[in-house]
Amino acid sequence: METRQGAICTLTWSEDITLNNVKSFRQALEKLLAEGVDQLIVNMEGVKYINSAGLGMIADSVMAARARQKELVIAGVKGSLAEIFHIVKFSSFIKLFATEKEAIDYFSGE
């Protein structure tokens with residue numbers, strides 16, 4: 001589900017990312033990147049597991065956003081998802097936030 005708040009567009013993904021839905025996740029990310037805003041949030045608060053294909057799609061989407069002068073950040077990074085992102089060192093090239101509000105505050109300069 002996508003929502004817009006001013007210049008920020010948020011994709012909320014609330015299910016684990018597995019072989020069963022990785023194609024839908026990719027399509028949702030592509031749709032988010034096509035939005036006419038420069039500040040993008042993927043809220044993964046309901047996600048407890050993400051497979052390697054999903055991780056690759058996030059990495060590709062971050063690079064694609066940068067190529068379009070956009071910024072994509074991840075919100076809802078807690079628990080097992082935070083552990084997965086820590087292991088693969090996602091924080092070295094993407095901003096990670098525990099809540100969507102923190103991500104919105106980041107884009108708002110607060």
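In this text, all values refer to a predicted model and were calculated from it rather than measured experimentally. Values below: all heavy atoms of this structure, side chains included; hydrogens, waters and symmetry mates excluded.
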Looking at side-chain heavy atoms only, is the closest gap between Met44 and Ile74 below 4.5 Å?
yes
State, to 0.1 Å, how close Gly54 and Ile17 come at their nearest heavy-atom pair, and which atoms those are.
CA-CG2, 4.0 Å
Can you tell me if Gln5 has over 12 outside heavy atoms packed within less than 6.0 Å of its CD?
no
Do Leu96 and Ile58 belong together in a cluster built from hydrophobic side chains that touch within less than 4.5 Å?
yes
Criterion side-chain contact (heavy atoms from CB on, under 4.5 Å) against Ile8, the qualifying member of Asp38, Leu40, Ile41:
Ile41
What I'd like to find out is whether the side chain of Thr99 reaches to under 4.5 Å of the side chain of Glu102, using heavy atoms alone.
yes
Same apolar cluster: Ile94 and Ile50, side chain cutoff 4.5 Å
yes
Between Lys70 and Glu35 (salt bridge meaning N to carboxylate O under 4.0 Å), is one present in this structure?
no
Report yes if some heavy atom in the side chain of Val42 is under 4.5 Å from a heavy atom in the side chain of Leu29; otherwise report no.
yes
One pair to check against side chain to side chain donor-acceptor pair (under 3.5 Å): Asn21 and Glu15. What are the steps and the verdict?
CA-CA 9 Å; Asn21 65 0; Glu15 52 187 302; 3.2 Å; yes
Output yes when a side-chain donor or acceptor of Arg66 lies under 3.5 Å from a complementary backbone atom of Glu71, and no otherwise.
no
Would you check, one step at a time, whether the test side-chain contact (heavy atoms from CB on, under 4.5 Å) holds for Phe25 with Ser61?
CA-CA 11 Å; Phe25 183 61; Ser61 296; over 6 Å; no
When the ring planes of Phe85 and Phe90 are compared, do they come out parallel, tilted or perpendicular, using 30° and 60° as the limits?
parallel
N-O pairing of Glu30 and Arg26 below 4.0 Å:
yes
Quick check: do Leu81 and Glu45 have side-chain heavy atoms less than 4.5 Å from each other?
no
Could you report the tightest heavy-atom contact between Leu72 and Ala65, atom names first, then the distance?
CB-CB, 4.1 Å
Considering only heavy atoms from C-beta outward, does the side chain of Cys9 approach that of Leu32 to under 4.5 Å?
yes
Check the surroundings of atom NZ in Lys95: do more than 12 heavy atoms from other residues, nucleotides or ligands lie under 6.0 Å from it?
no
Correct closest heavy-atom pair for Val62 and Phe93 would be CG1-O, 3.9 Å
Any sub-3.5 Å donor-acceptor pair from Asn43's side-chain atoms to Leu11's backbone N or O?
no
For Val47 and Trp13, what are the C-alpha separation, side-chain angles and deciding distance, and is it a side-chain contact (heavy atoms from CB on, under 4.5 Å)?
CA-CA 7 Å; Val47 178; Trp13 191 268; 3.8 Å; yes
Check: Ser80 side chain, Lys48 main-chain N or O, donor-acceptor pair, under 3.5 Å:
yes
As a quick check of understanding, evaluate side-chain contact (heavy atoms from CB on, under 4.5 Å) for Arg68 and Leu33, giving each step before the final call.
CA-CA 9 Å; Arg68 299 175 187 180; Leu33 287 171; 3.3 Å; yes
